[in-house]
> 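After the structure tokens below, expect a handful of questions from me.
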Number of protein chains: 2
Amino acid sequence: MAIKACVSAALAALACLSAQQAAAAETCPPLRWMTLGTAGGPVPTPDRSEPANLLTADDFSALVDAGDGTVVQLARRGLDLTRISAVFISHHHMDHTGGLPAVIGLRWMNNMPGQLTIYGPPGTREIVDGIIATMGPQSRVGFGLGLGQKSTPPSDSVRVVEMRSGDQVSSGNVKITAVENSHYDESVSGKADRAISLSYRFQLGSRSITYSGDTGPSAAFEKLATGTDLLVSEVIDLDPILASIRKTRPDMPEAVFQSMSKHLSTHHITPVDLGSLAAKANVSRLVLTHFAIPPAPLTNSEARLREGISRSYSGPVDLAIDLQSFDVACK
Amino acid sequence: MAIKACVSAALAALACLSAQQAAAAETCPPLRWMTLGTAGGPVPTPDRSEPANLLTADDFSALVDAGDGTVVQLARRGLDLTRISAVFISHHHMDHTGGLPAVIGLRWMNNMPGQLTIYGPPGTREIVDGIIATMGPQSRVGFGLGLGQKSTPPSDSVRVVEMRSGDQVSSGNVKITAVENSHYDESVSGKADRAISLSYRFQLGSRSITYSGDTGPSAAFEKLATGTDLLVSEVIDLDPILASIRKTRPDMPEAVFQSMSKHLSTHHITPVDLGSLAAKANVSRLVLTHFAIPPAPLTNSEARLREGISRSYSGPVDLAIDLQSFDVACK
């Protein structure tokens with residue numbers, strides 16, 4: 001009887017502990033960001049995978065940009081696509097979208113349940129339609145099991161939600177806001193269906209993570225980032241890149257050089273501009289990714305990046321590596 | 001005068017050496033294979049990248065299959081896409097094609113010269129057309145240089161050559177032969193436009209490399225491999241995979257299990273069958289890749305793989321890792 005009572009008490013204690021853990025999980029669900037690929041720019045690099053990220057917010061997991069190698073990077077952390085219900089694409093440059101076909105295709109090929117939602121700026125539907133078209137031959141082939149098995153049509157495995165500046169969507173407790181940033185030149189704007197490059201804010205209760213995508217200084221992006229706990233941003237180490245262009249392309253006409261210089265400083269963000277933006281937006285923590293740097297180790301750029309940011313911003317600054325994760329704890 | 005004569009003699013010696021090196025390079029141009037990704041099957045793995053390979057034959061460089069992460073894997077070896085003029089796709093399963101959009105897209109985005117030729121079985125054109133369609137939004141956006149620059153249309157950056165069993169193509173001194181293997185089930189065959197899975201042989205003078213793609217035992221593949229210097233082949237560690245299915249899916253109906261067992265042993269190749277094929281084809285060297293193994297380190301399978309192969313084949317057998325390269329020297 002005593003033993004029984006002890007066992008009962010022990011079980012009750014375990015149940016109590018378990019309930020406490022559940023309550024803790026309920027009051028502080030996870031809000032995390034993983035940098036799957038931290039390279040910047042269209043030229044692939046030896047030590048950093050193409051731009052891709054994983055957001056985890058409560059029970060919602062989404063990829064944010066999906067460059068070449070996204071699925072493999074996930075696998076390197078023991079993660080597969082079953083947990084991922086959405087992809088947010090910041091803009092339509094191939095370094096940010098090159099891995100999307102494999103995400104959609106391997107998810108379909110592995111017969112994963114549910115529908116993947118692809119969010120992105122106008123044009124996203126056209127991209128996903130192209131990806132679905134690439135899957136035609138494979139969906140007709142099947143997988144050789146000889147059971148007369150019929151694959152789900154690839155088009156049923158995915159849906160597209162195109163977002164414009166100011167649009168909000170939500171999934172469970174997570175609210176996602178998109179704004180147009182300054183990555184795209186005016187020369188491609190001004191039309192109803194013009195190209196848009198987006199920054200995203202992921203809000204879970206009072207906590208948030210804001211992601212720059214590719215952008216230069218931008219009032220909309222600064223406003224979006226206001227009071228955010230974690231700002232994940234691109235950055236460009238401009239001066240050595242311009243010096244490298246001068247050196248390797250002495251034949252470049254001055255007008256072209258000036259145009260390139262303007263592009264790199266207004267469509268991408270320098271440490272000084274980023275520090276200023278992070279300070280004005282009162283950002284709690286800054287994580288750098290998508291490093292647009294000369295073809296050399298990041299160490300060569302780190303002091304310049306930190307010095308530029310620190311002119312205005314005094315919060316913590318991390319230089320992300322691939323497969324690193326960043327947690328936003330409850331306050 | 002003496003000094004001048006010495007300098008002349010030294011220069012002549014250098015020129016002689018240089019000419020000798022050139023002659024050596026001419027008489028023995030490189031024939032090499034690099035395993036960019038050695039994973040097997042549709043489920044991405046933490047320690048091996050998706051199926052992809054790089055063939056170098058004289059001055060011809062081609063990708064052979066292009067799974068997710070191909071471009072990043074190339075970059076990890078300091079290689080970019082400028083040197084690559086062709087891609088050979090073995091068959092249309094997404095683990096072998098998931099990286100092709102990034103190959104085509106990043107090559108185009110980086111404005112690399114020349115046209116990339118995509119060889120593959122019927123259906124390849126449909127896949128490439130889908131990829132080109134995904135590039136529509138990006139080709140309209142441009143790259144923000146504000147120079148009124150107009151990108152080359154993505155469709156101009158690539159051409160497609162569909163191959164059927166027995167087809168040969170050549171590039172310079174390299175002759176490539178494709179044969180249909182046994183990867184695809186009869187249930188998908190019998191039509192004029194039926195799905196085909198190909199094996200390839202790359203011949204440079206008297207030297208050759210033969211690549212299985214995905215296949216089970218196949219007379220056509222065996223014939224293709226006859227006398228080849230280097231056979232790069234998939235392999236399946238069948239018994240533990242079947243045991244794992246029995247264990248994790250005790251609910252699986254026997255008919256489904258038998259069908260899966262047949263698929264795995266006739267559409268993929270066991271060590272015993274591969275050893276037999278390599279012996280009959282008189283292959284000089286065997287390199288294993290595309291490891292279909294249980295979700296555990298390859299070390300757990302290595303003894304079984306080697307034992308099965310060695311029942312018939314006594315030549316050297318290497319178990320490839322990602323980014324390994326294999327040289328076929330001149331005889």
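Proteins get letters first, then strands, A, B, ... in listed order; numbering begins at 1 in each. None of these values were measured; they are calculated from a predicted model.
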> Taking all non-hydrogen atoms of both residues, which atom of A:His93 and which atom of B:Met109 are closest, and how far apart?
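Nearest pair, atom of A:His93 first, then B:Met109: CB-CE, 3.6 Å.
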> For A:Pro42, is there any backbone N or O sitting under 3.5 Å from a side-chain donor or acceptor partner on B:Asn110?
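Judged by distance alone, yes, a pair lies under 3.5 Å.
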> Side chain from CB out, backbone as N, CA, C, O: work out which of these in B:Thr45 comes under 4.5 Å of a heavy atom of chain A, or both, or neither.
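The backbone, not the side chain.
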> Name the member of B:Arg76, B:Arg48, B:Glu50 that forms the most heavy-atom pairs with chain A at distances under 4.5 Å.
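Top option by heavy-atom pairs under 4.5 Å: B:Arg76.
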> What residue in A:Gly98, A:Gly136, A:Ala75 has the most heavy-atom pairs under 4.5 Å with chain B?
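The option with the most such pairs is A:Ala75.
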> Can you spot which of A:Leu100, A:Ile131, A:Ile132 makes a side chain to side chain contact (heavy atoms under 4.5 Å, CB included) with B:Thr134?
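One option only clears the test, and that one is A:Ile131.
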> Determine whether B:Asp68 and A:Asp68 make a side-chain contact, defined as any pair of heavy atoms from C-beta on separated by less than 4.5 Å.
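B:Asp68 reaches A:Asp68 side chain to side chain.
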> Please tell me if the side chains of A:Arg140 and B:Glu126 come closer than 4.5 Å, counting only heavy atoms from C-beta onward.
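A:Arg140 vs B:Glu126: side chains touch.
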> Using side-chain heavy atoms (C-beta onward) and a distance below 4.5 Å, is A:Ile127 in contact with B:Pro137?
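In short, these two side chains touch, coming nearer than 4.5 Å.
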> Looking at A:Ala102, A:Gly99, A:Gly37, which has the largest count of heavy-atom pairs under 4.5 Å with chain B?
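Looking at each option in turn, the highest pair count goes to A:Ala102.
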> State, yes or no, whether a side-chain contact exists between A:Gln138 and B:Thr97 at a heavy-atom distance under 4.5 Å.
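Side chain of A:Gln138 against side chain of B:Thr97, heavy atoms only: contact under 4.5 Å found.
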> Measure distances from A:Thr70 to the heavy atoms of chain B and classify the residue's part below 4.5 Å as side chain, backbone, both or neither.
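The answer is the backbone of A:Thr70.
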> Please rank B:Ala39, B:Ala133, B:Pro44 by heavy-atom pairs under 4.5 Å with chain A and give me the top one.
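Ranked by heavy-atom pairs under 4.5 Å with chain A, first place is B:Pro44.
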